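First up is the structure itself, then whatever we jot down about it.
Note on naming: letters A, B, ... go to the chains in the order of the sequence lines (proteins, then strands), and numbering restarts at 1 for each one. All of these numbers come straight from a predicted model, not from anything done at the bench. Side-chain atoms are counted along with the backbone in the values below, which use heavy atoms only and exclude waters and symmetry mates.
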Number of protein chains: 2
Amino acid sequence: MEKKNAEIVIIEDEEDILELLEYHLAKEGYDVTGFLSADNVERFMEEESPALLIVDRNLPGVEGSEFVAKMRGIGYDTPVIFLTAKDKEGELEEGFKRGGDDYVTKPFNTKELMLRIEALLRRSGVKQSDKLRYRDMILDNQSRELYIDERKVDLTNLEYRLLYTFVKNAQQTLQRDFLRDEVWGDDSDNFHDKTINVAINRLKKKIDPSGEKGYFVPVWGVGYKLG
Amino acid sequence: MEKKNAEIVIIEDEEDILELLEYHLAKEGYDVTGFLSADNVERFMEEESPALLIVDRNLPGVEGSEFVAKMRGIGYDTPVIFLTAKDKEGELEEGFKRGGDDYVTKPFNTKELMLRIEALLRRSGVKQSDKLRYRDMILDNQSRELYIDERKVDLTNLEYRLLYTFVKNAQQTLQRDFLRDEVWGDDSDNFHDKTINVAINRLKKKIDPSGEKGYFVPVWGVGYKLG
DNA sequence: ACGCTTCTGTCATCAAAGTGTCATAAAATG
DNA sequence: CATTTTATGACACTTTGATGACAGAAGCGT
């Protein structure tokens with residue numbers, strides 16, 4: 001559970017609050033870099049890749065949400081928590097709309113802020129919990145194992161990748177081209193038409209020998225989807 | 001701008017609050033399923049795959065956070081927003097620790113809740129499905145399925161492409177040449193005059209057997225348009 | 001490196017689904 | 001009313017998917 005070397009950037013013009021935050025975050029084990037304005041943050045983000053931004057809404061010069069909107073505009077997807085003294089609904093909405101992921105009003109409860117940070121990092125960072133589920137199947141990516149109703153089912157490498165691709169994109173019809181690229185690799189030339197059919201068939205038979213579950217549904221002329 | 005068809009599950013024992021939430025969420029375009037207790041939610045989640053859970057902390061029987069902890073334990077990674085009347089710090093922490101992603105205290109500001117939902121869905125990478133609508137038809141391009149009045153209608157590949165072309169270009173009269181290029185491909189030689197007629201006919205009959213809806217209107221000497 | 005096991009691509013065949021063609025009826029046009 | 005265009009049902013053909021068998025390829029332990 002210790003992975004708290006995440007890098008966090010704080011932009012906050014009130015120096016005492018900035019220090020308070022730095023203190024608490026450092027204590028929690030985060031790598032913290034504070035800024036008093038948004039001025040040099042963009043350059044900083046080019047070099048480092050912080051896992052989270054904590055941004056005051058009321059910054060001198062460039063407004064906090066403007067800054068975030070701008071960063072989103074040039075492609076940064078870093079999670080953002082806004083801080084604000086005010087609690088106007090309009091501001092709240094604007095903050096979210098411009099790409100904020102969470103919002104904390106000053107004066108804030110430190111504990112709550114820490115928890116929100118943790119939740120947000122969990123959700124965004126290694127958000128991949130290592131287990132994927134579909135119906136009664138559990139795909140454990142750590143061990144690369146499949147469990148169906150608590151029962152372990154051995155899959156070959158290809159079968160695992162194939163099933164993973166389907167579960168990852170559940171609800172979608174996966175076209176043959178997509179499967180080919182995703183599972184076999186886009187460099188695979190001389191790809192035989194029926195390779196996918198056969199692979200799916202084997203997988204299907206392995207995870208549902210009696211065929212009663214109907215995991216894979218063929219979409220005629222297109223591909224397959226989970227059913 | 002309708003893309004909000006994410007599925008949301010609410011577990012809340014106070015019926016009036018549940019209704020209020022259902023109302024607001026449905027109004028925003030989400031697919032909502034409400035539960036008064038956590039009892040049947042697990043089974044439900046095996047079948048559907050909701051994009052988000054909104055869970056009251058104070059449920060009768062199994063406590064809200066216990067339920068979430070349990071779901072996390074068996075592999076579900078669905079984002080969770082906790083609701084609570086209380087604002088005890090201990091509860092807050094427990095909620096986050098047990099896998100909550102956000103936390104809203106009752107009485108809550110509806111607007112804020114909506115914004116938090118949006119932010120969380122965005123962050124958790126819910127693939128917003130691209131669905132096309134025309135009258136009572138919903139064409140889901142992810143799953144390649146057609147729904148008419150909530151009812152699923154199976155289409156063949158050709159039929160799907162054909163209908164898609166029409167819905168994509170609703171309001172326009174599609175000329176035969178255009179349809180031929182778009183649906184059959186511009187390389188199709190020896191193209192029989194009546195092929196389009198027959199194809200449209202079959203499609204028409206499949207999606208509106210009684211012929212009362214009049215989806216396809218022939219434009220004499222030109223082609224067809226949606227009606 | 002060797003032999004053994006397992007995995008995976010290819011092929012042949014069968015079955016099923018989809019689609020084009022044709023003949024004829026119906027509708028629209030002027 | 002004659003002509004052109006579209007509608008529709010029947011039938012045949014084509015395409016696609018399923019499946020079992022086989023063989024080459026890859027991985028494994030010795």
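When atom types are taken as modelled, the side chain of Arg72(A) and the backbone of Thr78(A) share a donor-acceptor pair closer than 3.5 angstrom. When atom types are taken as modelled, the side chain of Arg57(B) and the backbone of Thr84(B) share no donor-acceptor pair closer than 3.5 angstrom.
One finds no side-chain N or O of Thr195(B) lying less than 4.0 angstrom from the OP1 or OP2 phosphate oxygen of dT19(C). Checking the phosphate oxygens (OP1, OP2) of dG20(C), a side-chain nitrogen or oxygen of Trp184(B) falls inside 4.0 Å. Between Thr156(B) and dT19(C) there is a side-chain polar atom (N or O) within less than 4.0 angstrom of OP1 or OP2. An OP1 or OP2 oxygen of dT16(D) is reached within less than 4.0 angstrom by no side-chain nitrogen or oxygen of Lys194(A). Considering only side-chain N and O atoms, Tyr224(B) lies under 4.0 angstrom from the phosphate OP1 or OP2 of dA7(D).
Between Lys225(A) atom NZ and dG17(D) atom C1' there is a gap of 16 Å when expressed in whole angstrom units. In this structure, CG of Asp193(B) is placed 9 Å from P of dT5(D), rounded to the nearest angstrom. Atom CG in Leu203(A) sits roughly 13 Å away from atom P in dC7(C) (whole-Å rounding). Across the protein-nucleic acid pair, Asn197(A) atom CG and dA12(C) atom P stand 16 Å apart, rounded to whole Å. Atom NZ in Lys206(A) sits about 11 Å away from atom C1' in dT8(C), given to the nearest Å. With rounding to whole Å, His192(B) atom NE2 is found 14 Å from dT6(D) atom P. Taking atom OH on Tyr215(B) and atom C1' on dA7(D), their separation rounds to 19 Å, with Å as the unit. The distance from atom CG of Leu179(B) to atom P of dG20(C) is 13 Å, rounded to the nearest whole Å.
You'll find that the side chain of Pro218(B) is closest to dA7(D), out of dT19(C), dA7(D), dT10(C). You'll find that the side chain of Arg176(A) is closest to dG17(D), out of dG17(D), dA7(D), dC22(C). Nearest to the side-chain atoms of Val198(A) among the listed nucleotides dT8(C), dG20(D), dT19(C) stands dG20(D). Candidate nucleotides dG20(D), dG9(C), dG17(D) were compared by shortest atom distance to the side chain of Leu158(A), and dG9(C) ranks first. The side chain of Arg202(B) approaches dA10(D) more closely than any other nucleotide in the set dA10(D), dT6(D), dT19(D).
To the nearest 0.5 angstrom, Ile17(B) atom CD1 is 12.5 Å from Glu22(B) atom CD.
Both Ile200(A) and Val222(B) sit near DNA chain D, but only Val222(B) has its closest nucleotide nearer the 5' end. Between Trp220(A) and Asn201(A), the residue whose closest nucleotide on DNA chain D is further toward the 5' end is Trp220(A).
Between the side chains of Asn169(A) and Tyr164(A), no donor N or O sits under 3.5 Å from an acceptor N or O.
At a threshold of 4.0 angstrom between heavy atoms, the contacts of Val217(A) with the nucleic acid are absent.
Of all the heavy atoms in Val80(B) and Leu120(B), the pair that sits closest is O-CD2, 4.1 Å.
Heavy atoms from other residues, nucleotides or ligands lying under 6.0 Å from CZ of Phe44(A) number more than 12.
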